[in-house]
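Note that the coordinates shown come from a computational prediction; the quantities given were computed from them, not determined experimentally. So you know, we letter chains A, B, ... as the sequences are listed, proteins then strands, and number each from 1.
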Number of protein chains: 2
Amino acid sequence: MLEEHTLFKKHITKRIDLEDSEFEQFLNFFSTKIVTKRQFITQPDFVPSHRSFVCTGAMRAYILDDSGNEHTIQFAIENWWITDYNAYIYQRPATMFVMAQENSTLLQISHEKELELKALNPKFETFFRIMAERSTAYMQRRVIERLTLSAEERYQHFLDKYSLMVNRFPQYTIASYIGVTTEFLSRMRKNRLLK
Amino acid sequence: MLEEHTLFKKHITKRIDLEDSEFEQFLNFFSTKIVTKRQFITQPDFVPSHRSFVCTGAMRAYILDDSGNEHTIQFAIENWWITDYNAYIYQRPATMFVMAQENSTLLQISHEKELELKALNPKFETFFRIMAERSTAYMQRRVIERLTLSAEERYQHFLDKYSLMVNRFPQYTIASYIGVTTEFLSRMRKNRLLK
DNA sequence: AAATAATATTGATCTACATCAATAATTTTT
DNA sequence: AAAAATTATTGATGTAGATCAATATTATTT
């Protein structure tokens, strides 16, 4: 089995218990896609046909507001999933860009195939349920952080939780993820050094 | 069948296709709970044992930050589900209060029962998957709104989308949901009148 | 190794929103 | 119908973080 498939298998079987043959069946619904740095896999106004699992590399989802500012919605490195979630599940035109931040290898499943897959075996349905539940929980934590923490605290949390991301994404993308300008993040970092 | 069960049935069967007998089975895992205004069904430090569906009434989930300020995480009126999501799915101590904002009737399922239920019939699993997916999508929209919209715009969106909520929850709770102080929301409302 | 493009820093200034304190209005309880 | 409790408004003032513009640094391409 290919190296990236081993990691994918680990990822899946950590969440649901599968026979080897079941995993093979699961895997068969996915196709490999290679993207190069700065390449987009999703763009506004196009319905995103796939959900992507990052085998190697780094991806980022962001939106552009009316003033032309980027706001990072999600980062994804190895073993993370990424897509324009709203657009994907409702099969509506995307509002996000999903871009390769590094050359990346993805495992992709189409929306149609995903429906088939879930119908095939209740365990597969369970897998997607668990993923969705955890995503909700994660998003809710993000809402809570935004409501209750200062910019500095949000940055510290980011460093604590996503230390692996910090060095792989430009600083301005992290600023846009925690909800500050790149200038302000720069100043916060300077202040920390002075202390 | 009781009136509230009819609404519950509609809610479920809108998402998955069930025989009457299957719905009866589903319903059997739930118990009815009546709560009076200002009563808490979840408090910080206690593991929330249940997920609740509001048959009648109005509930609100909020957290208290270090300065003692309330931040509303979720509103729920008829046909909405509510719980401390993170705490419930991971069965950890809650960080939220979930409080009755009006006298309410709830249909509750315990975490244990929910596990049983999902194992019983793949359709039930599908139901929870769909719910979780939509919750993720909803939460993500909220993250995006917070990143891209001004306080006024967030308030307008709230009015547009949750007009039914507006008159059933105190204004300060709406302020805390969109992420402003009650004073500032009051001022925004005044400015709108002047225009 | 230059040239170019992308990213990060710094300074000056501005503003959206918070804080604090008082009062007014509304709802609930007795 | 008062009294008490809860919620909403208003004014004065403060500040976290934004904006704009310039420059410095780092990474990428030729």
Rounded distance in Å - CD (B/Q101) to C1' (D/dT6): 12 Å
Salt-bridge criterion met for A/R141 and A/E145 (N-O under 4.0 Å): no
Within 45° cone and under 6.0 Å: A/K113 NZ/CZ vs A/F29 ring: yes
Atom pair distance, as rounded to whole Å: CZ in A/R168 and P in D/dA27: 16 Å
Atom-pair distance (CZ on B/R146; C1' on D/dG17), nearest Å: 12 Å
Selection from D/dT9, D/dG17, C/dT7 that lies nearest to any side-chain heavy atom of A/P170: C/dT7
A/K37 vs D/dT28: side-chain N/O to OP1/OP2 distance below 4.0 Å: yes
Phosphate OP1/OP2 of D/dA18 contacted by A/T181 side-chain N/O (<4.0 Å): yes
Euclidean distance, atom CZ of residue B/R38 to atom P of C/dT29 [Å, nearest integer]: 7 Å
Atom-pair distance (CG on B/L185; C1' on D/dA8), nearest Å: 10 Å
Length of the CE-C1' vector between A/M99 and C/dA6, whole Å: 11 Å
Value in whole Å for how far the P atom of C/dA16 lies from CD of B/E152: 10 Å
Touch class at under 4.0 angstrom, heavy-atom based, for A/F184 against every strand present: base
N/O (side chain, A/Q171) to phosphate O (OP1/OP2, C/dA6) under 4.0 Å: no
Integer-rounded Å distance: D/dG17 P and A/N191 CG: 12 Å
Parallel, tilted or perpendicular: ring planes of B/Y177 versus B/F75, cut at 30 and 60 degrees: tilted
Donor-acceptor pair present, B/R187 side chain and C/dT19 base, under 3.5 Å: yes
Donor-acceptor contact present, side-chain A/D84 to main-chain A/T95, <3.5 Å: yes
Matching residue for B/L107 among B/H50, B/K33, B/H5 - test: side chain to side chain contact (heavy atoms under 4.5 Å, CB included): B/H5
Out of D/dT9, D/dG17, C/dT9, whichever nucleotide has its closest atom nearest the side chain of A/S186: C/dT9
Which nucleotide in D/dT9, C/dT9, C/dC17 has an atom nearest any side-chain atom of B/E183: D/dT9
